[in-house]
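Before any comments, here is the structure.
None of the values given here were measured: they were computed from a predicted structure. Count residues from 1 along the sequence.
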Amino acid sequence: MAVPKVDGQFIAEAIKYIDENGVPWHNMSTKYELVWENGNTYPPKYVIAVANHLQNGAEIDVSGYNAVEAKNYLTAKGYEIQIKQTKYEITITSESVTSTDDSFTMDNISAGDVFKPLDASFVSADGTVIKRKYGKGERRNTNQTLPRIAFQIYEKQIAALPVEEKEQFPICQYAPDKEMIRGIYYSKDEAKAHNINPFNTMSYDYDDGRQFVIYSWNIFTTLRFVQECLTRFGNPGDSFKLVYREKDEKENEEEEAAVVEEVKPAEFNSYLNPYSTMLVESKNIIFRGAPGTGKTYLAKEIAADIISNGYFDDYTMLTDEQKQQVEFVQFHPSYDYSDFVEGLRPKTNEDGSMGFELQDGVFKKFVDKARRNYENSKKSTEVIANELSVQEAMKEFFDDVDTGNNTFKTKTGTEFTITDVDDEHIYLSIPQNASINSIRLNISEIRQMLESGREFNKLKDITEFFNINFTQQRYSYNLVIFNEIQKKKKAAKIIRQEELKKYVFIIDEINRGEISKIFGELFFAVDPGYRGVAGEVSTQYANLHADSNEKFYIPDNVYIIGTMNDIDRSVDSFDFAMRRRFRFVELRADERLEMLANLNNEEKEAEAIARMSALNVEIAATEGLNENYQIGASYFLKLKNIDFDQLWSDYLHPLLQEYINGMYDEEGIMERFKKAYNQGKSDGADVDESN
């Protein structure tokens with residue numbers, strides 16, 4: 001059964017029905033929300049079901065279509081649908097386990113299969129918060145992070161338990177009628193001997209090579225274990241916190257092994273990535289390091305993390321609307337101010353001749369978008385509603401105008417037609433005017449007049465409004481168009497105040513461009529200390545703007561990420577003025593190893609890490625090279641499609657050969673590199689978190 005066809009009238013009736021009768025709990029939406037004119041939100045599937053009931057007499061039934069189909073159906077009809085991004089928090093004490101999700105219950109631990117952890121912590125009775133101390137081979141924020149913190153906090157107490165007590169330690173009970181899963185073991189083999197599937201376990205390393213191994217599957221399966229730890233070893237008032245969300249449809253259901261560097265607890269705040277907080281605090285950040293350390297991938301990960309407010313860090317999972325809050329460019333030697341800020345671009349005129357017009361560059365366009373959001377977030381709902389009403393009236397007017405055929409007349413009787421309209425100008429033809437038979441008007445001026453709420457009956461009203469001492473010719477035409485649009489202006493709708501959003505601009509290989517030529521006077525505005533109006537500047541082409549006094553500034557909701565390779569020859573000459581304005585973070589070759597979890601092969605991942613480590617030791621020991629020439633983990637992601645020998649011959653060998661060109665004994669150096677690479681062939685340590 002497809003989504004039932006319903007008319008807009010009955011969708012409106014369905015909203016009234018829901019306002020009066022509410023939504024049954026089992027029909028509440030967990031993914032999407034229909035945003036109505038009054039600012040309230042409603043579950044799309046249920047709205048369609050009620051509308052179908054009212055229009056066609058059908059039962060109120062949502063079983064014939066899914067949430068995505070309902071969302072797409074309503075979006076196609078022009079309704080606003082937003083993703084419902086809700087975070088939940090479980091609080092575990094020795095007495096209780098409670099969640100902000102009303103549907104949570106300890107009687108149904110299987111429900112944890114559909115959730116993803118975002119953060120976990122221990123909170124002592126005095127309010128001290130302790131986060132997980134991650135080790136290599138351990139992925140951040142997995143189903144296993146919560147029990148690992150419990151082991152971290154109570155490691156000594158658990159180690160001191162007699163063997164019998166460890167084996168009887170309660171771990172998980174899926175439902176009251178299910179058997180309690182018990183046991184803290186010393187290895188996966190021992191767990192297997194007690195009928196615990198090794199693939200459903202987690203291991204915690206302690207005391208120089210020893211391990212604790214317990215059953216672990218989904219996000220909820222170790223809640224009972226954590227509560228038992230509090231009961232036996234904790235102090236009154238101690239608790240654990242687990243923050244989580246519903247998994248996205250695109251996400252893999254299984255937790256995979258990966259590696260991550262140790263992170264200080266204070267770095268996380270509400271974000272998934274420790275570097276996200278760094279960026280929010282400093283506004284501008286540059287990741288530098290060896291090739292292949294995943295700098296570009298990390299930049300997009302941070303952008304997704306910040307824009308979703310710590311909901312996910314996968315850029316591909318952002319909505320189309322959220323992706324508009326991210327921009328990506330790559331600098332190169334030919335990149336200049338006109339590409340980045342603004343410049344004159346060729347344009348074909350109506351008569352076929354060529355001319356030039358001022359166009360915004362990618363950064364200025366992006367910042368203007370962020371600036372509109374920033375300024376709108378400060379406006380009252382009444383002001384925004386009025387502006388939207390003006391916008392709709394202007395759109396209706398220009399949609400109705402048959403360019404070149406509708407004739408208008410000024411108060412003095414001069415006839416004119418509108419020949420074209422773009423984002424900034426209205427182009428007029430004035431056949432009766434012998435000296436100037438065409439003119440263009442600034443749309444922004446007419447918009448300001450309409451939004452002011454004032455009446456404009458004569459030219460003097462316009463000059464006073466713009467605080468100008470003399471009348472300009474275009475004002476007589478402004479007055480006519482203003483009055484025509486004013487007729488179409490309708491009462492403002494009830495709307496919600498615009499939410500302040502974050503915008504992330506990523507500059508890949510930032511050091512490959514000529515920074516002073518690209519940024520120009522924006523050196524000043526990009527400074528974190530001069531964000532907002534305090535840092536406004538006139539751009540190089542300000543005299544060509546509709547308002548020559550217009551200033552440009554970068555609002556507080558814009559964050560800039562740059563990436564650069566340390567071995568690039570242009571690093572040393574990187575503009576010092578930019579160095580003062582960016583926070584520089586070095587990514588070493590052995591960092592960001594967690595990306596190798598994408599190989600989805602535990603043995604291959606371990607071998608990749610071993611080979612990379614051995615090769616990098618040899619690179620750093622080679623005279624004339626250093627750590628900046630080491631190989632990062634992203635090169636080894638190619639192992640998804642090729643083997644280790646092909647990776648060496650097709651990718652690593654050519655790169656390393658380029659490094660040592662001109663050095664003494666090139667052949668001998670390459671042999672040492674190859675030997676080191678092959679030394680790691682079977683030297684793969686067991687990688688943590690295989691589930």
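- Here Glu586 pairs with nothing under the side-chain hydrogen bond (donor to acceptor under 3.5 Å, both in side chains) rule; sequence neighbours left out.
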### Query
Can you list the steps and then say if Arg371 with Asn376 is a side chain to side chain donor-acceptor pair (under 3.5 Å)?
CA-CA 8 Å; Arg371 177 175 168 176; Asn376 286 341; over 6 Å; no
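- Residues Gln630 and Ala290 approach most closely at O-CB, 3.1 Å, considering heavy atoms.
- Applying the salt bridge (Lys or Arg N to Asp or Glu O under 4.0 Å) test to Glu387 and every residue at least two apart in sequence or in another chain returns Lys379.
- Partners of Asp508 by side-chain hydrogen bond (donor to acceptor under 3.5 Å, both in side chains), not counting sequence neighbours, listed by chain and number: Thr296, Gln330, Thr563.
- The stretch residues 291-320 participates, sequence neighbours left out, in these salt bridge (charged side-chain N to carboxylate O under 4.0 Å, His left out) pairs: Glu301-Arg592.
- Note that the CG atom of Asp119 and the CZ atom of Arg245 stand 13.0 Å from one another [nearest 0.5 Å].
- With hydrogens and angles left out, the side-chain atoms of Arg512 and Asn565 include no donor and acceptor closer than 3.5 Å.
- For the atom pair CD1 (Ile506) and CD (Glu327), the distance works out to 9.0 Å, reported to the nearest 0.5 Å.
- The environment of Asp423 atom CG is sparse: at most 12 non-hydrogen atoms of other residues, nucleotides or ligands sit within 6.0 angstrom.
- The backbone N or O of Leu118 lies less than 3.5 Å from a partner atom in the side chain of Asn141, making a donor-acceptor pair.
- The six-membered or imidazole ring of Phe340 lies near that of Phe331, with a centre-to-centre distance under 6.0 Å.
- With Phe287 as the fixed residue, the ring pair (Phe, Tyr, Trp, His ring centres under 6.0 Å) test singles out one of Phe582, Tyr275, Tyr297: Tyr275.
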### Query
When you look at Asn218 and Asn143, which way does the side chain to side chain donor-acceptor pair (under 3.5 Å) test go after all the steps?
CA-CA 6 Å; Asn218 70 34; Asn143 293 342; over 6 Å; no
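- With contacts defined as side-chain heavy-atom distances shorter than 4.5 Å, the pair Glu605/Asn601 does not qualify.
- Lys283 approaches Asp556 most closely through the heavy-atom pair NZ-O, 2.6 Å.
- Taking OG1 of Thr293 as the start and CG of Leu298 as the end, the distance is 8.5 Å to the nearest 0.5 Å.
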### Task
Mind running salt bridge (charged side-chain N to carboxylate O under 4.0 Å, His left out) on Asp360 and Lys365 for me, showing each step along the way?
CA-CA 6 Å; Asp360 289 341; Lys365 285 180 182 177; over 6 Å; no
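- Under the 4.0 Å criterion applied to side-chain N and carboxylate O atoms, Arg372 and Glu498 are not assigned as salt-bridge partners.
- Note: Tyr635 and Tyr651 fail the aromatic proximity criterion, with ring centroids not under 6.0 Å apart.
- Distance CZ/Phe552 to CZ/Phe524: 13.0 Å, rounded to 0.5 Å.
- Residues forming a side chain to side chain contact (heavy atoms under 4.5 Å, CB included) with Lys241 (at least two apart in sequence, or on another chain): Glu89, Thr91, Ser121, Val123, Ser239.
- Of the possible polar contacts, one joining the Lys604 side chain to the Leu639 backbone as a donor-acceptor pair under 3.5 Å is found.
- Counting only heavy atoms from C-beta outward, the side chains of Tyr42 and Pro44 never approach each other to under 4.5 Å.
- How far CG of Leu242 is from CG of Leu223: 7.0 Å, rounded to the nearest 0.5 Å.
- Note that NZ of Lys116 and CD of Glu246 are 13.5 Å apart. Values are rounded to the nearest 0.5 Å.
- For Tyr559 and Phe505, the distance between ring centers is not under 6.0 angstrom.
- Both tests hold for Lys378 against Tyr374: distance to the six-membered ring centre under 6.0 Å, angle to the ring axis within 45°.
- Using cut-offs of 30° and 60° on the angle between ring planes, the pair Phe220 and Phe115 is tilted.
- By the salt bridge (Lys or Arg N to Asp or Glu O under 4.0 Å) test, Asp102 pairs with no residue at all, sequence neighbours left out.
- Ring planes of Tyr335 and His332: perpendicular class, angle over 60° (limits at 30 and 60°).
- Residues satisfying the salt bridge (Lys or Arg N to Asp or Glu O under 4.0 Å) criterion with Glu80, sequence neighbours excluded, are Arg496.
- Pro147 is linked by a side chain to side chain contact (heavy atoms under 4.5 Å, CB included) to Met202, Ile214, Thr222, Phe225, counting only residues two or more places apart in sequence or in another chain.
- Residues satisfying the side-chain hydrogen bond (donor to acceptor under 3.5 Å, both in side chains) criterion with Gln82, sequence neighbours excluded, are Glu33.
- Residues that satisfy the side chain to side chain contact (heavy atoms under 4.5 Å, CB included) test with Ser338, not counting sequence neighbours, are Asp336, Arg345.
- For the salt bridge (Lys or Arg N to Asp or Glu O under 4.0 Å) test, no residue two or more places apart in sequence or in another chain qualifies with Glu536.
- Applying the side chain to side chain contact (heavy atoms under 4.5 Å, CB included) test to Ser99 and every residue at least two apart in sequence or in another chain returns Tyr88, Ile90, Asp101, Phe104, Tyr244.
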